[in-house]
**Q** 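I am attaching a structure below and will ask some questions about it afterwards.
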Amino acid sequence: MTALNASVLLIYTGGTIGMIENAETGALESFNFEQLQKHIPELQRFDFTIDSLQFDPPMDSSDMEPGTWRKLVRIIADNYNLYHGFVILHGTDTMAYTASALSFMLEGLNKPVILTGSQLPIGVLRTDGKENLITSIEIAAAVDTNGDALVPEVCIFFENHLMRGNRTTKLNAENFNAFRSFNYPALAEVGIHIKYNPSVTRAADNSRVLKPHYLLDTNIAVLKLFPGIHENVVAAMLTIEGLRAVVLETYGSGNAPRKNWFIRLLREASERGIVIVNITQCKAGMVEMERYETGYQLLQAGVVSGYDSTTESAVTKLMFLLGHGYDCEEIRRRMSHPMAGEITAPE
Ligand code: ASP
């Protein structure tokens, strides 16, 4: 690849968006880039270069692993100076995990990395993929009058909303509005115009140097509370061999049962160096452990607040911090501070 003027690298990993119905058999098959261009002739109307790379074979996003995130980081790092922006076509199921992970792994990012996909394959008449893809490319190439990227962040674009990737969660398996960012405003709303919202978007800064990270540790569990959860279930999870961190999904503003056995198990796990991060099962809102007695006890057991983090962001941030060898106290401290705009921590 050679250096160029305005340009976007399209990375196709797989997922519904890349499927095309075989006219003869009716079966859904993965496309290659030439087929895509046939289905979206509008792509030729962009007055800049769009290059593409595809995963071979394409992946259903349910099969995504940290190794795939590393592969994406490597592709972006290797091509960073050649393109104005990057669009990643990705299955919707784990897109929010990939977006969150990339936001931490691409330290110093100063260019757009836009993930998108669709609920209906690109080859289907009513597809939402066409619109999602065309707008994502436009956003990935968008610059201000100084030539600086308008959205130099990892984002998800879906159904007219550009969202910060590590704030986004999949909420609908069927409708076109598959994703929402409940705790952070959209970075852009798309109608007749693309209305960017610079006040909530990270500003471009040409002094930032991309520092790709590849180290992740997956010794993490997610423990979702429900009324009636058994002591032996919690005990078994917290004593998993090699376990280093737990995302504890609590109720409301970070509340959990006050039972003695529960608090004791959490305290013992914290004392063994397991990092326990409290996030709420609610889609919107923030953990405030000081608010009720039921949350306060968690604080005393060594549990740290995940504030308004999504599960996807808490899991991938823990993988990142554990992978980088910080000790448990340092990880607890860093979970309370935003690394890539993923939480709204109190000042
Ligand atoms: N199972 C698909 C995937 O996540 C669904 C989709 O693309 O929407 O890869």
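These numbers come from a predicted model, not from an experiment.
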**Q** Strictly distance-based, threshold 3.5 Å: is any side-chain N or O of Ser7 a donor or acceptor partner for the main-chain N or O of Leu82?
**A** yes

**Q** Could you please spell out the steps behind the side-chain contact (heavy atoms from CB on, under 4.5 Å) verdict for Val234 and Leu223?
**A** CA-CA 8 Å; Val234 177; Leu223 174 54; 4.1 Å; yes

**Q** Are side-chain N/O atoms of Glu249 and Thr311 paired as donor and acceptor at under 3.5 Å?
**A** yes

**Q** Taking the side chain as everything from C-beta on, heavy atoms only, tell me whether Leu210 gets closer than 4.5 Å to Pro212.
**A** yes

**Q** Yes or no on side-chain contact (heavy atoms from CB on, under 4.5 Å) for Trp69 and Tyr214, after CA distance, side-chain angles and deciding distance?
**A** CA-CA 8 Å; Trp69 304 336; Tyr214 300 96; over 6 Å; no

**Q** Who passes side-chain contact (heavy atoms from CB on, under 4.5 Å) against Asp78, sequence neighbours left out?
**A** Arg74

**Q** Return the set of residues passing side chain to side chain donor-acceptor pair (under 3.5 Å) with Glu138 (not counting sequence neighbours), or none when no residue passes.
**A** none

**Q** Measure from NZ or CZ of Lys71 to the centre of the six-membered ring of Phe55 and say whether it is under 6.0 Å with the direction within 45° of the ring axis.
**A** yes

**Q** Hey, are Asn166 and Ser103 close enough side-chain-wise for a donor-acceptor pair under 3.5 Å?
**A** yes

**Q** For Met95, is there any backbone N or O sitting under 3.5 Å from a side-chain donor or acceptor partner on Ser61?
**A** no

**Q** Heavy atoms, side chains only, cut-off 4.5 Å: are Asp308 and Phe182 in contact?
**A** no

**Q** Is a side-chain N or O of Ser136 found less than 3.5 angstrom from the main chain of Ile114, in a donor-acceptor match?
**A** no

**Q** Measure the CD-CZ distance between Glu107 and Arg208 for me, rounded to the nearest 0.5 Å.
**A** 8.0 Å

**Q** Does one hydrophobic cluster hold both Ile229 and Ile274, with members joined at side-chain heavy-atom distances below 4.5 Å?
**A** yes

**Q** Without swapping roles, check the side chain of Asp148 against the backbone of Asp144 for a donor-acceptor pair under 3.5 Å.
**A** no

**Q** Is there a continuous path of hydrophobic side-chain contacts, each under 4.5 Å between heavy atoms, that joins Met64 to Ile76?
**A** yes

**Q** Side chains of residues 192-199: which donor-acceptor pairs under 3.5 Å do they make with residues two or more places apart or in other chains?
**A**
| unit_1 | atom_1 | unit_2 | atom_2 | d |
| --- | --- | --- | --- | --- |
| Asn197 | OD1 | Ser199 | OG | 2.9 |

**Q** Rounded to the nearest 0.5 Å, what separation is found between the CG atom of Leu133 and the OG1 atom of Thr127?
**A** 9.5 Å

**Q** Do Leu10 and Phe86 have side chains that approach each other closer than 4.5 Å (heavy atoms only, starting at C-beta)?
**A** no

**Q** Would you confirm whether Thr13, through its side chain, and Leu89, through its main-chain N or O, come within 3.5 Å as a donor-acceptor pair?
**A** yes

**Q** Quick one: are Leu216 and Arg70 in side-chain contact, heavy atoms under 4.5 Å?
**A** yes

**Q** Would the number of heavy atoms belonging to other residues, nucleotides or ligands and lying under 6.0 Å from OH of Tyr251 be above 12?
**A** yes

**Q** Per the ring pair (Phe, Tyr, Trp, His ring centres under 6.0 Å) rule, what does the pair list look like for residues 124-176, sequence neighbours excluded?
**A** Phe158-Phe179

**Q** Applying side-chain contact (heavy atoms from CB on, under 4.5 Å) to Ile17 and Leu120, what does each step give before you reach the verdict?
**A** CA-CA 7 Å; Ile17 190 165; Leu120 277 177; over 6 Å; no

**Q** To the nearest 0.5 Å, what is the distance between CD1 (Ile276) and OG1 (Thr250)?
**A** 12.0 Å

**Q** For Tyr83 and Asp51, which I'm curious about, is there any donor-acceptor pair between the side chains at under 3.5 Å?
**A** yes

**Q** Are Met105 and Val209 connected in a single hydrophobic cluster, I mean Ile/Leu/Val/Met/Phe/Trp/Tyr linked by side-chain heavy atoms less than 4.5 Å apart?
**A** no

**Q** Does the side chain of His90 pick up a donor-acceptor pair with the side chain of Thr98 at under 3.5 Å?
**A** yes

**Q** If the condition is side-chain contact (heavy atoms from CB on, under 4.5 Å), which residues does Ala235 pass it with, not counting sequence neighbours?
**A** Leu265

**Q** Working to the nearest 0.5 Å, report the span between OG1 of Thr49 and CG of Leu9.
**A** 11.0 Å

**Q** Please report the C-alpha distance between Asn160 and Glu189 in whole Å, then the side-chain angles of each, then the deciding distance to 0.1 Å, and finally whether the side-chain contact (heavy atoms from CB on, under 4.5 Å) criterion is met.
**A** CA-CA 6 Å; Asn160 302 332; Glu189 309 254 6; over 6 Å; no

**Q** May I ask you to decide if Gly254's main-chain N or O and Asn278's side chain share a donor-acceptor pair within less than 3.5 Å?
**A** yes

**Q** Would you be so kind as to tabulate the donor-acceptor pairs closer than 3.5 Å made by side chains of residues 282-290, with sequence neighbours excluded?
**A**
| unit_1 | atom_1 | unit_2 | atom_2 | d |
| --- | --- | --- | --- | --- |
| Glu288 | OE2 | Arg291 | NH1 | 3.3 |

**Q** To the nearest 0.5 Å, how far apart are OG in Ser118 and CG in Asn132?
**A** 7.0 Å

**Q** Does the ring of Tyr184 carry Arg164 above it, NZ/CZ under 6.0 angstrom from centre and within 45° of its axis?
**A** yes

**Q** Would you check if Val275 and Arg244 make a side-chain contact, meaning some heavy-atom pair closer than 4.5 Å?
**A** no

**Q** Heavy-atom count check: over 12 atoms from other residues, nucleotides or ligands less than 6.0 Å from Arg272 CZ?
**A** yes

**Q** For residues 313-329, which side-chain donor-acceptor pairs fall under 3.5 Å, sequence neighbours excluded?
**A**
| unit_1 | atom_1 | unit_2 | atom_2 | d |
| --- | --- | --- | --- | --- |
| Thr316 | OG1 | Glu312 | O | 2.8 |
| Thr316 | OG1 | Ser313 | O | 3.3 |
| Lys317 | NZ | Arg334 | O | 3.0 |
| Lys317 | NZ | His337 | O | 2.8 |
| Lys317 | NZ | Glu342 | OE2 | 2.6 |
| His324 | ND1 | Phe320 | O | 2.7 |
| His324 | NE2 | His213 | ND1 | 3.0 |
| Tyr326 | OH | Arg334 | NH1 | 3.4 |
| Asp327 | OD1 | Glu329 | N | 3.2 |
| Asp327 | OD1 | Glu330 | N | 2.9 |
| Glu329 | OE2 | Arg332 | NH1 | 2.8 |

**Q** Side chain to side chain donor-acceptor pair (under 3.5 Å) with Asn172: which residues, sequence neighbours excluded?
**A** none

**Q** With sequence neighbours excluded, tell me which residues meet ring pair (Phe, Tyr, Trp, His ring centres under 6.0 Å) with Phe46.
**A** Phe48

**Q** Answer yes or no: is there an ion pair linking Arg264 with Glu231, defined by an N-O contact shorter than 4.0 Å?
**A** yes

**Q** List for me each residue that meets side chain to side chain donor-acceptor pair (under 3.5 Å) alongside Thr294, sequence neighbours excluded, and say none if there are none.
**A** Asn255

**Q** Would a 4.5 Å heavy-atom cut-off, applied to side chains only, mark Thr310 and Thr168 as touching?
**A** no

**Q** How far does CG of Asn206 sit from CG of Asn146, to the nearest 0.5 angstrom?
**A** 9.0 Å

**Q** Between the side chain of Arg202 and the main-chain N/O of Leu109, is any donor-acceptor distance below 3.5 Å?
**A** yes

**Q** My understanding is that only residues two or more places apart in sequence, or in another chain, count here; which of them pass side chain to side chain donor-acceptor pair (under 3.5 Å) with Asp205?
**A** Ser207

**Q** When you measure from the side chain of Asn175 to the backbone N and O of Asn177, does any donor-acceptor pair fall under 3.5 Å?
**A** no

**Q** Could you give the side-chain donor-acceptor pairs of residues 298-305 under 3.5 Å, partners two or more places apart or in another chain?
**A**
| unit_1 | atom_1 | unit_2 | atom_2 | d |
| --- | --- | --- | --- | --- |
| Ser305 | OG | Tyr307 | N | 2.9 |

**Q** Do Leu243 and Ile331 share a hydrophobic cluster, counting only Ile, Leu, Val, Met, Phe, Trp and Tyr and linking them when any side-chain heavy atoms are less than 4.5 Å apart?
**A** no

**Q** Does Glu153 reach the main-chain N or O of Val113 with its side chain, forming a donor-acceptor pair under 3.5 Å?
**A** no

**Q** Should Leu248 and Ile343 be counted in the same cluster of Ile, Leu, Val, Met, Phe, Trp and Tyr side chains packed under 4.5 Å apart?
**A** no

